[in-house]
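Remarks on the structure that follows.
Residue numbers run from 1 in the order of the sequence given.
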Amino acid sequence: MRQRNTTGSAWTVAGDTPQRIEVGGTLDHSVLLDGWSAIDDEPPTRAPMPDPKPSKRNAADTEGGEPQ
């Protein structure tokens, strides 16, 4: 679970390689730690919408003069 240190002080997490997590830093840990906030770094995946192209009718209406 990705989580952010919102405790107000740095934490040292023990393990094979101890890590010091500063305030605002993130950690991937199996359970939510006291005073930490769960975060979701991965925004939902959505295909980008194509840019709308003007239709020939709209393009003709905007070419000089008044719209027909």
Side-chain angles (χ1 to χ4, degrees):
M1 166 186 304
R2 298 274 309 156
Q3 48 193 302
R4 184 174 316 280
N5 180 357
T6 54
T7 63
S9 60
W11 274 48
T12 301
V13 181
D16 293 335
T17 56
Q19 298 178 3
R20 181 175 172 88
I21 312 298
E22 299 294 330
V23 175
T26 61
L27 174 70
D28 195 8
H29 195 270
S30 59
V31 295
L32 184 62
L33 302 171
D34 287 339
W36 292 56
S37 300
I39 57 174
D40 182 19
D41 282 341
E42 298 180 30
T45 56
R46 291 174 47 176
M49 297 296 291
D51 291 334
K53 296 180 181 175
S55 68
K56 289 183 180 180
R57 179 178 174 185
N58 288 344
D61 283 348
T62 59
E63 292 179 5
E66 295 181 21
Q68 299 293 321

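Smallest separation of non-hydrogen atoms from Ile39 and Arg4: CD1-NH2, 3.8 Å. The minimum heavy-atom distance linking Thr12 with Pro18 is given by the pair CG2-CB, 4.4 Å.
A donor-acceptor pair is defined here as one N or O able to donate and one able to accept, closer than 3.5 Å; such a pair exists between the side chain of Thr6 and the backbone of Gly35.
Contacts classified as side chain to side chain donor-acceptor pair (under 3.5 Å) and involving residues 16-25 (residues at least two apart or in different chains) are given here: Arg20-Glu22.
Under the 4.5 angstrom side-chain criterion for Ile, Leu, Val, Met, Phe, Trp and Tyr, the cluster partners of Leu33 are Met1, Trp11, Val13, Ile21, Leu27, Leu32, Trp36.
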